[in-house]
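Below is one structure; the comments refer to it alone.
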Amino acid sequence: MRIIGNQELNMIEPLWRYFRTERFLELLESNHLYFASARQFEDPFEGAVAVLPPGFPVDPRYTELEHGERAFEELRRLTKVSCWHRASYESDAMWQLYAGSRKGVAVCTNADRICAAAKLFRLKPEYGHEDLWAGNVNYVDLLKERLRVNMLDRFWYKHMAFAWEREFRLAISVRMAEEFGVQVPYNGIKVEFDVLQLIECIYFGPSLSETDASAIRVAAKAHGLEDRIKVSSMLGTPRYT
């Protein structure tokens, strides 16, 4: 695993990933984590170096993409990303957004574990492995600043409006593979991990059904993870006096 931009990472900082139940079971069954194409994200500013204010007039001389912009648009397709949340505690917002309204599962890990768990990724067995890049996302007010960073580093910068995400990113660029004629999936790729090494704790969502909880317990036991299951703190009993 290579660190983007020479960042000084806290390798044991807790990192969270929130899953719907079926996605988590798929991870356990396959030992593969899905990396989405950067084109698949809803963030309209993904990879932008600046943001023009709303209503800013469009200069007709710039209605067509220049070569560099077209190249970056292709790089968005060829960069596959896995997003994690940096926090010392579970997040209700993340439960609601990414775990089916609190009905899913959260996994807690850290960069050390990710580094140890990641397997070499190859698009083809006979083709060389691709680098796994990692780092914390930097949040910038793109209404006021213009980024001047290289193409790959752009994926670790986001508009300040998304700072609540506190994102840690893993990414694999398959640009060189495509240049050598290897067929690249248009959307995401699946990257192999040692799940026993990857997962430090498994948290059941506060609204997880007993049926799903039972299925997860069975799958976790099959992988030697049953002792890492935790219950969300949001199921605690409130006291008012």
Side-chain angles (χ1 to χ4, degrees), residues 1-7 9 11-13 15-20 22-41 43 46-47 71-86 98 105-137 149-158 165 167-200 202 219 223-225:
M1 186 171 79
R2 301 179 64 180
I3 308 303
I4 198 77
N6 297 316
Q7 291 185 13
L9 290 183
M11 298 296 286
I12 60 171
E13 178 183 27
L15 302 172
W16 298 73
R17 181 74 184 263
Y18 293 77
F19 295 87
R20 293 178 183 272
E22 62 273 18
R23 287 291 180 88
F24 177 70
L25 290 174
E26 183 181 316
L27 167 64
L28 292 188
E29 291 165 6
S30 70
N31 297 310
H32 283 74
L33 189 63
Y34 183 73
F35 280 52
S37 163
R39 271 188 177 175
Q40 293 178 265
F41 299 142
D43 176 2
E46 181 69 46
F72 185 75
E73 186 58 28
E74 284 304 300
L75 188 61
R76 290 209 307 157
R77 175 178 62 85
L78 297 169
T79 303
K80 315 300 186 180
V81 179
S82 175
C83 306
W84 296 73
H85 178 62
R86 300 167 53 214
Y98 300 111
V105 183
V107 164
C108 190
T109 187
N110 57 50
D112 262 345
R113 282 185 167 274
I114 289 173
C115 185
K119 305 291 187 180
L120 294 180
F121 175 77
R122 292 178 171 87
L123 280 168
K124 283 187 174 181
E126 65 274 19
Y127 189 74
H129 74 270
E130 310 292 345
D131 288 329
L132 174 65
W133 292 90
N136 297 329
V137 171
V149 297
N150 70 42
M151 288 276 199
L152 186 60
D153 282 12
R154 283 198 210 178
F155 294 103
W156 279 267
Y157 286 85
K158 298 186 75 170
E165 294 175 341
E167 188 177 339
F168 173 88
R169 271 193 173 179
L170 302 171
I172 291 175
S173 173
V174 291
R175 179 177 62 85
M176 291 301 295
E178 185 168 80
E179 288 184 5
F180 280 96
V182 179
Q183 186 172 0
V184 174
Y186 186 83
N187 288 323
I189 58 175
K190 293 184 177 180
V191 180
E192 185 178 5
F193 285 82
D194 177 344
V195 294
L196 191 63
Q197 183 65 56
L198 176 67
I199 297 172
E200 183 173 4
I202 301 167
H223 288 80
L225 293 166

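Positions are given from 1 along the sequence.
Taking OG of S173 as the reference point, atom NZ of K80 lies at 9.5 Å (rounded to 0.5 Å). Going from atom CG of L198 over to atom SG of C115 covers 12.0 Å, rounded to the nearest 0.5 Å. Rounded to the nearest 0.5 Å, atoms OG1 (T109) and CD1 (I12) are 12.0 Å apart.
Within a 6.0 Å sphere centred on CZ of R23, other residues, nucleotides and ligands contribute 12 heavy atoms or fewer. The local environment of CG in L196 is crowded, with over 12 non-hydrogen atoms from other residues, nucleotides or ligands closer than 6.0 Å.
Using a 4.5 Å heavy-atom cutoff, the side chains of L28 and L225 are in contact. You'll find the side chain of I172 stays beyond 4.5 Å of the side chain of T79, heavy atoms only. At a threshold of 4.5 Å between non-hydrogen side-chain atoms, the residues N187 and Y34 count as touching. Residues P185 and L123 are in side-chain contact: their nearest non-hydrogen atoms beyond the backbone lie under 4.5 Å apart. Side chains of V174 and F35 form no contact here, defined as non-hydrogen atoms less than 4.5 Å apart.
Every residue two or more places apart in sequence or in another chain that forms a side chain to side chain contact (heavy atoms under 4.5 Å, CB included) with C83 is listed here: F41, V81, E167, R169. With sequence neighbours excluded, the residues that form a ring-ring contact (aromatic ring centres under 6.0 Å, His included) with F24 are F19. Residues passing the salt bridge (Lys or Arg N to Asp or Glu O under 4.0 Å) test with E130, sequence neighbours excluded: none. By the side chain to side chain donor-acceptor pair (under 3.5 Å) test, R113 pairs with no residue at all, sequence neighbours left out. E13 meets the side chain to side chain donor-acceptor pair (under 3.5 Å) test with R86; sequence neighbours excluded. Checked against side chain to side chain contact (heavy atoms under 4.5 Å, CB included), D43 has the following partners two or more places apart in sequence or in another chain: F45, E46, K158, F162. Checked against salt bridge (Lys or Arg N to Asp or Glu O under 4.0 Å), K190 has the following partners two or more places apart in sequence or in another chain: E26. Remark: S37 pairs with no residue by the side chain to side chain donor-acceptor pair (under 3.5 Å) rule, at least two apart or across chains. Residues that satisfy the salt bridge (Lys or Arg N to Asp or Glu O under 4.0 Å) test with R175, not counting sequence neighbours, are E179. For F121, the ring-ring contact (aromatic ring centres under 6.0 Å, His included) test picks out no residue, with sequence neighbours left out. Here E178 pairs with R77, L78, V184 under the side chain to side chain contact (heavy atoms under 4.5 Å, CB included) rule; sequence neighbours left out. Under the side chain to side chain donor-acceptor pair (under 3.5 Å) criterion, D153 pairs with no residue, sequence neighbours left out.
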Worksheet item: Can you list the steps and then say if L27 with L33 is a side chain to side chain contact (heavy atoms under 4.5 Å, CB included)?
Response: CA-CA 6 Å; L27 167 64; L33 189 63; 4.2 Å; yes
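Nearest heavy atoms, F168 versus A134: CZ-CB, 3.8 Å. Taking each heavy atom of D131 and R2 in turn, the nearest pair found is OD2-NH1, 2.9 Å.
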